[in-house]
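One structure is given below, encoded as C-alpha cells.
All values reported here derive from a predicted model rather than from experimental measurement. What you see below is based on every heavy atom in this structure, not just the backbone, and it leaves out hydrogens, waters and symmetry mates. We name chains A, B, ... by the order of the sequence lines, and we start the count at 1 in each one.
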Protein chains: 2
Amino acid sequence: MENYIYGKNNVIELLKDGSRSISKVILMKGQNNNAKIAQIINLARQRGIIFQFQPKEKFYQFGEISHQGVIAYTPPIKFTDFNEFINKKSEDNKYKKIIILDGIEDPHNFGSIIRTCVCAGFDAVIFPSRRNATVNSTVEKSSAGAVNRIDLIMVNSLTAIIDRLKDNDFWIIATDINAKDNYYDIDYCNMNFAIVLGAEKDGISTAILKKSDFKIKIPMLNNFNSLNVANAASIVIYEALKQTIQKTGNVV
Amino acid sequence: MENYIYGKNNVIELLKDGSRSISKVILMKGQNNNAKIAQIINLARQRGIIFQFQPKEKFYQFGEISHQGVIAYTPPIKFTDFNEFINKKSEDNKYKKIIILDGIEDPHNFGSIIRTCVCAGFDAVIFPSRRNATVNSTVEKSSAGAVNRIDLIMVNSLTAIIDRLKDNDFWIIATDINAKDNYYDIDYCNMNFAIVLGAEKDGISTAILKKSDFKIKIPMLNNFNSLNVANAASIVIYEALKQTIQKTGNVV
C-alpha cells in the first residue's frame with residue numbers, strides 16, 4: 001500500500017528533507033495563488049517530482065484529515081524479514097538491541113517509539129501483524145521519518161519469534177507493572193536483548209510474560225499507574241543507552 | 001471556560017472514574033438504541049449527573065472532533081497561583097521538583113508531560129500564557145486526568161518567574177541540544193530544581209538559557225536529533241526520580 005503525507009507544511013518539509021522518496025504530489029484545483037502552493041510546486045520542480053492539479057472529488061478518499069488540498073504519495077515503508085535481520089546480526093560483533101511491541105494501538109505512540117529507538121541506536125522494532133497499529137501515514141509522521149532508518153519487522157506470532165530470539169542468544173526483558181525489579185536494576189550491557197512493551201490498556205500477554213528472562217517495572221508515585229506507553233518506552237530505552245555509554249566510555 | 005470530554009468510550013471512562021466532576025452530559029437525539037448510550041445514561045443516573053438529548057445542530061460547535069454524539073462537560077481546570085505555590089513550599093521540608101515548559105505547542109505533548117510529572121511525583125508544571133498550548137480538552141485527555149493532580153501554574157513571563165524561583169532557592173536546569181553535560185551527569189538530589197523544556201522546533205529561548213544554572217542534553221545517535229519533547233521530558237524526569245529513589249533507599 002502506498003503511503004501519503006498531507007498538509008501544506010508537512011509536504012514542504014518532506015520536499016525539503018530529500019531523504020525520503022516521493023512518487024508524486026497532488027494539489028487541489030483552484031489554489032494557484034497561494035504562496036505555499038507556489039513553494040511546493042517550486043520544490044517539486046527542483047527535485048523532478050511529478051505534481052498534478054486534481055479536482056476536489058479526488059480528495060474525498062482521504063476522509064476528514066486536514067490535507068489542505070495537498071497530498072504527497074510516498075512509496076510503502078519497507079519491512080525487514082526476521083531471518084534476514086538475524087543473519088545480519090551474526091555478521092558483525094555488536095550486541096543488538098530490539099524493541100518488541102505487543103499490541104500498541106495508537107499510531108502516534110507507535111511512531112514515537114520508533115523515533116526514540118532510532119535516537120538511541122536500537123536495531124529493530126518487532127510488532128505483530130494483528131492487534132497492533134500498522135505502519136501508516138500517521139505512524140510515519142509521528143516517527144519524524146524514523147521509519148526509514150531502522151529495521152521494522154512485522155511477524156505473525158510474537159511468541160514464536162521470542163523463541164527464535166532466545167535460540168539466537170537474545171535475552172527477553174518484559175515491562176510489567178507487577179515486576180519486583182525496577183527498570184534500572186538490570187544490566188543492559190554485554191548482551192543481545194529485546195525489551196517487550198505491552199498494549200496501552202492490557203499490558204503484555206501472559207504467554208509472553210512467561211517466556212521472559214527478566215521482568216521490570218517503572219516506579220510510579222501518587223497511585224497514578226498511568227505512564228503513556230511511548231514515554232515508558234523512552235525511559236527504559238534511554239536507561240539502556242546510558243548504561244552502554246557509561247560502561248564503554250563512548251562520548252556521544 | 002468549561003472543558004469537555006467527547007466520544008462514547010471516553011465519556012464512559014470518565015463516568016466510571018469518579019475522581020473528576022462532571023457538569024452535564026449531552027447526547028445527540030436519535031441514538032437511543034445504542035448499548036453504549038444506554039450505559040452512559042445508566043452511569044449518569046447512578047452518579048446523579050444531568051444528561052440531555054440535544055439536536056445534532058447543538059454539536060456543530062465542536063467542529064470536526066469525533067464526538068460520536070456524546071459530550072460530557074467538566075468544570076474548568078484549576079490553576080495554581082505562583083505565590084501560593086511558593087508559600088506552600090516553605091511550609092514543608094521536602095525539596096520541590098518543577099517542570100517549566102517554554103512554548104510547547106502540541107496539546108498531546110503538553111498533556112503527556114503533565115501525566116509523566118504526576119507519575120514521577122513532581123510538584124508543578126509552569127507554562128507561559130502565550131506561545132504555549134492552553135489546557136484544553138485534548139490536554140486533559142492526553143494527561144489521563146493528571147491535570148487535576150498537580151499544580152499547574154500559568155505565568156505571563158517565564159524569565160521573571162525564573163528569577164523568582166532563583167530567589168527562592170531553586171536551581172534552573174535547561175535542556176539544550178548544545179549542552180556539554182548529559183542529563184545523567186547532574187545530581188538531582190538535595191535541591192529544589194526546575195527543568196526547562198523548549199518548544200518542539202526552536203528549543204529554549206536564549207534569555208532563559210542565560211539564566212540557567214545547568215545545561216543538559218540527551219545524547220542521540222544516528223545523526224537523528226529528533227526526540228519527541230514529551231519523550232525527552234520523560235527521560236530526564238525519570239532520571240531525577242531514579243536518583244532520588246536510589247539515594248534515599250525508598251522503595252516505590
Q) Side chain, backbone, both or neither: which part of B:A144 has an atom under 4.5 Å from a heavy atom of chain A? A)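 The answer is both parts of B:A144.
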Q) For B:A233, is it the side chain, the backbone, both or neither that has a heavy atom under 4.5 Å from a heavy atom of chain A? A)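 For B:A233, neither part sits under 4.5 Å from chain A.
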**Q.** Side chain to side chain, B:S112 and A:N231, heavy atoms closer than 4.5 Å
**A.**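 Sidechains of A:N231 and B:S112: in contact.
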Hey, what do you get for [atom1] ([X]) to [atom2] ([Y]), rounding to the nearest 0.5 Å?
X: B:E239; Y: A:K242; atom1: CD; atom2: NZ; answer: 4.0 Å
X: A:S143; Y: B:F224; atom1: OG; atom2: CZ; answer: 6.5 Å
X: A:Q246; Y: B:D185; atom1: CD; atom2: CG; answer: 7.5 Å
X: B:I235; Y: A:I237; atom1: CD1; atom2: CD1; answer: 8.0 Å
X: A:L241; Y: B:L221; atom1: CG; atom2: CG; answer: 5.0 Å

Given the options [options], which has more heavy-atom pairs under 4.5 Å with chain B than any of the others?
options: A:S226, A:G121, A:S142; value: A:S226
options: A:V236, A:N222, A:I113; value: A:N222
options: A:C119, A:S66, A:S234; value: A:C119

Q: Ignoring hydrogens and angles, state whether a donor on the side chain of A:N228 or B:T116 is under 3.5 Å from an acceptor on the partner side chain.
A: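 B:T116 and A:N228 do not have a side-chain donor-acceptor pair below 3.5 Å.
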Q: Can you label the angle between the A:Y238 ring and the B:Y183 ring as parallel, tilted or perpendicular, going by 30° and 60°?
A: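 A:Y238 and B:Y183: perpendicular rings.
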